[in-house]
Number of protein chains: 2
Amino acid sequence: MAAKYLTIAREIKKRIISQRYPATEPLPDQFALAAEFQTSRMTIQQAMRQLIVEGLIYTRQGQGTFVRKNFLQLSQWDLAGSDYFGATKTWEHLGTVASRVIRFELRFPSEKEQSSLLINADAPVYDFVRLRLLNDEPVSLDATVMPVNLVPGLNKSHLESSVFRYVQESVGLKIMGSYRVVRAIKPDALDQQHLICSDSDPVLEVEQVIYLEDGTPLEYAHCHYRYDHGGIVIVNNG
Amino acid sequence: MAAKYLTIAREIKKRIISQRYPATEPLPDQFALAAEFQTSRMTIQQAMRQLIVEGLIYTRQGQGTFVRKNFLQLSQWDLAGSDYFGATKTWEHLGTVASRVIRFELRFPSEKEQSSLLINADAPVYDFVRLRLLNDEPVSLDATVMPVNLVPGLNKSHLESSVFRYVQESVGLKIMGSYRVVRAIKPDALDQQHLICSDSDPVLEVEQVIYLEDGTPLEYAHCHYRYDHGGIVIVNNG
DNA sequence: AAGTGGTCTAGACCACCCG
DNA sequence: GGGTGGTCTAGACCACTTC
């Protein structure tokens with residue numbers, strides 16, 4: 001049995017999508033909703049808070065609760081954006097995805113890696129490079145560094161399928177967030193060789209740290225994308 | 001007088017930063033905090049919710065409330081990232097910033113612009129291009145389209161100072177969020193001319209829609225950055 | 001079983017916006 | 001002044017984790 005406030009939030013969401021609550025006027029006030037759903041006003045407010053963080057509505061003290069004009073639009077954006085690559089998204093709807101392992105080694109971390117992963121110089125790390133192919137065309141070249149102690153037992157077959165799945169399902173770690181820097185750079189020798197690009201073709205570089213629920217850094221990576229294979233989508237709701 | 005839950009949240013934040021609440025063990029439970037702050041548990045929970053959205057703590061039912069290990073680290077990241085450009089950040093701490101207007105026209109929107117700005121073909125738009133200089137060095141070339149009806153009275157002097165400030169202070173509109181796509185591209189003729197780069201120098205392109213509180217799109221822009229002048233920082237907390 | 005956070009109640013008063 | 005959302009109370013019961 002889901003919480004009552006979530007049930008109410010879902011119901012109100014339905015009504016907004018079906019335009020039973022037209023976007024041109026405010027929603028019924030919280031007292032009316034509390035009466036309709038036979039609950040207290042605090043619970044209605046919790047449901048509203050849920051819809052606010054989902055970007056569906058916004059409130060104005062003294063005025064009421066309103067539907068965001070771009071809510072219906074946003075799903076269209078997301079759809080339109082699906083031709084682009086988000087680092088957390090998969091591309092499987094675009095075709096056949098494959099991973100080729102270029103390098104897989106153990107070593108000690110550099111200073112930059114120590115500070116990015118919050119580890120000491122004597123904590124061993126995996127160092128691996130993978131080429132991602134979409135319909136046999138090279139798309140990205142990813143160089144990753146991960147602390148061995150967080151993910152013991154990682155092997156080459158995990159790299160060929162999904163490190164993410166191994167980390168979540170076998171080791172039981174949960175990803176919380178990420179920190180990324182995106183730039184345009186000139187391709188290095190490895191990029192030119194594996195992404196099959198000339199030295200005048202730009203490369204989109206994503207430098208990222210992925211961290212777990214409690215904030216422990218899990219991986220530090222440099223991902224290089226061919227410039228003609230889309231971009232990174234960033235959505236920001238205030 | 002600020003709300004009690006915000007006052008409590010600030011106090012708890014202080015204690016975490018000063019390590020009076022060590023990151024190695026859970027925070028005092030909500031009942032103890034309610035007693036200490038002479039308030040109800042609901043108010044303590046509201047304070048906790050605040051700190052959760054700020055990324056400071058996380059909760060586990062049946063276990064307690066914990067400090068995120070990367071909280072202290074994150075402020076260092078932000079500092080480190082200040083050498084990079086975020087489209088919402090200013091660069092004034094890096095030196096002298098100037099804006100040169102390359103183009104400023106009125107016209108009707110293209111189909112792509114109509115769908116991005118949610119306007120009709122007969123709604124006029126401003127079309128302007130600006131070159132941003134940092135210490136007299138070209139950094140970015142921005143091509144922007146804005147609906148005239150949202151921002152009446154825009155003129156060239158606004159472009160040279162800050163369109164953002166004009167929109168906020170004179171027109172009274174409030175920015176809510178953004179939708180961006182980042183790519184690496186080859187420079188076009190305008191880029192090469194104004195960003196002073198060769199055709200083998202990559203360009204970082206940010207295609208963006210900025211929208212207002214209620215979701216109305218305010219501007220649709222393409223911003224081109226020189227590849228050697230930093231990158232875009234993206235922080236994502238689950 | 002004990003201890004923790006999650007949800008919920010039935011009110012109350014306050015701050016803000018509008019006519 | 002009337003209507004709206006924002007905050008707050010003093011409890012209650014539930015769900016989950018650990019012992």
Side-chain angles (χ1 to χ4, degrees), chain A residues 1-12 15-16 21-68 172-174 176 212-214 238, chain B residues 1-12 15-16 21-68 172-174 176 212-214 238:
Chain A
M1 178 54 185
K4 187 185 281 191
Y5 79 94
L6 291 174
T7 308
I8 294 173
R10 270 196 294 272
E11 172 60 26
I12 293 176
R15 295 183 185 178
I16 291 173
Y21 290 153
T24 54
E25 51 185 297
L27 263 58
D29 68 73
Q30 297 175 350
F31 299 92
L33 290 171
E36 184 202 332
F37 289 103
Q38 290 281 297
T39 188
S40 72
R41 206 177 134 226
M42 282 294 280
T43 302
I44 294 295
Q45 286 188 307
Q46 208 165 354
M48 293 312 194
R49 201 162 39 231
Q50 179 64 28
L51 296 177
I52 288 169
V53 304
E54 290 180 22
L56 203 64
I57 62 173
Y58 64 102
T59 56
R60 282 291 161 271
Q61 196 170 48
Q63 298 179 59
T65 302
F66 306 86
V67 178
R68 289 210 127 98
L173 301 175
K174 283 174 187 152
M176 197 269 292
L212 303 173
E213 274 190 315
D214 67 354
Chain B
M1 178 54 185
K4 187 184 281 192
Y5 80 95
L6 290 174
T7 308
I8 295 173
R10 270 197 294 272
E11 172 60 26
I12 293 177
R15 295 182 185 179
I16 291 173
Y21 290 153
T24 53
E25 52 183 297
L27 263 57
D29 68 74
Q30 298 176 347
F31 299 92
L33 290 172
E36 185 202 331
F37 289 103
Q38 292 280 298
T39 187
S40 72
R41 209 179 130 224
M42 282 293 281
T43 302
I44 294 296
Q45 286 189 308
Q46 208 166 353
M48 292 312 195
R49 201 163 38 231
Q50 179 66 27
L51 296 177
I52 288 170
V53 304
E54 290 180 22
L56 204 64
I57 62 173
Y58 63 102
T59 56
R60 282 290 161 271
Q61 196 169 53
Q63 297 179 59
T65 302
F66 306 88
V67 177
R68 279 207 199 286
L173 301 175
K174 282 175 186 150
M176 197 270 291
L212 303 173
E213 274 191 315
D214 67 354

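Keep in mind it's a predicted model, so treat the numbers as computed, not measured. Sequence lines set the chain letters: A, B, ... in the order given, protein chains first and strands last, and positions in each chain run from 1.
- One finds a side-chain N or O of B:T65 lying less than 4.0 angstrom from the OP1 or OP2 phosphate oxygen of C:dG5.
- In this structure, NZ of A:K4 is placed 9 Å from C1' of C:dT9, rounded to the nearest angstrom.
- Listed candidates were C:dT4, D:dC8, C:dG6. Nearest to the side chain of B:Q30 is C:dG6.
- The salt bridge (Lys or Arg N to Asp or Glu O under 4.0 Å) pairs that include a residue from residues 22-41 of chain B are B:R15-B:E36, where partners are two or more places apart or lie in different chains.
- Side-chain contact check for B:I44 versus B:F37: some heavy-atom pair is nearer than 4.5 Å.
- Side-chain contact check for B:I16 versus B:I57: some heavy-atom pair is nearer than 4.5 Å.
- Checking B:L27 against A:T39, the closest nucleotide of DNA chain C that is more toward the 5' end is the one next to B:L27.
- Residue A:A3 places its side chain closer to C:dC8 than to any other of D:dC8, C:dC8, C:dT4.
- A straight line from CD1 of A:I57 to P of D:dG5 spans 10 Å, rounded to a whole angstrom.
- Taking atom CD1 of residue A:I8 and atom P of nucleotide C:dT7, one finds them 13 Å apart after rounding to whole Å.
- If you measure from atom CG of B:L33 to atom P of D:dT9, you get 14 Å, rounded to the nearest angstrom.
- The side-chain hydrogen bond (donor to acceptor under 3.5 Å, both in side chains) pairs that include a residue from residues 47-62 of chain A are A:K13-A:E54, A:Q50-A:E54, A:R60-B:E213, where partners are two or more places apart or lie in different chains.
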*asked:* For a quick check, with a 4.0 angstrom heavy-atom cut-off, what is the B/S/- contact string for nucleotides 13-19 of chain D, read 5' to 3'?
replied: --BBSS-

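- Looking at every heavy atom in both residues, B:A47 comes nearest to B:I8 through CB-CG2, 4.0 Å.
- A:T59 comes within 4.0 angstrom of sugar-phosphate atoms only, judged by non-hydrogen atoms across all strands, and of no base.
- Residues from residues 42-50 of chain B placing a heavy atom under 4.0 Å of any atom in DNA chain D, listed by number, are B:M42, B:T43, B:Q46.
- In this structure, CG of A:D29 is placed 14 Å from C1' of C:dC17, rounded to the nearest angstrom.
- The distance between atom CG of B:L6 and atom C1' of D:dC8, rounded to the nearest whole Å, is 13 Å.
- With sequence neighbours left out, A:R10 forms a salt bridge (charged side-chain N to carboxylate O under 4.0 Å, His left out) with no residue at all.
- Applying the side-chain contact (heavy atoms from CB on, under 4.5 Å) test to A:A3 and every residue at least two apart in sequence or in another chain returns A:Y5, A:L6.
- Taking the side chain as every heavy atom from C-beta outward, B:T39 and B:K4 approach each other to under 4.5 Å.
- Whole-Å rounding puts the A:Q38 CD to C:dC8 P distance at 15 Å.
- Taking CG from A:L33 and CD from A:E11, the interatomic distance works out to 10.5 Å, rounded to the nearest 0.5 Å.
- Straight-line distance from the OH atom of B:Y5 to the P atom of D:dG6: 9 Å, rounded to whole Å.
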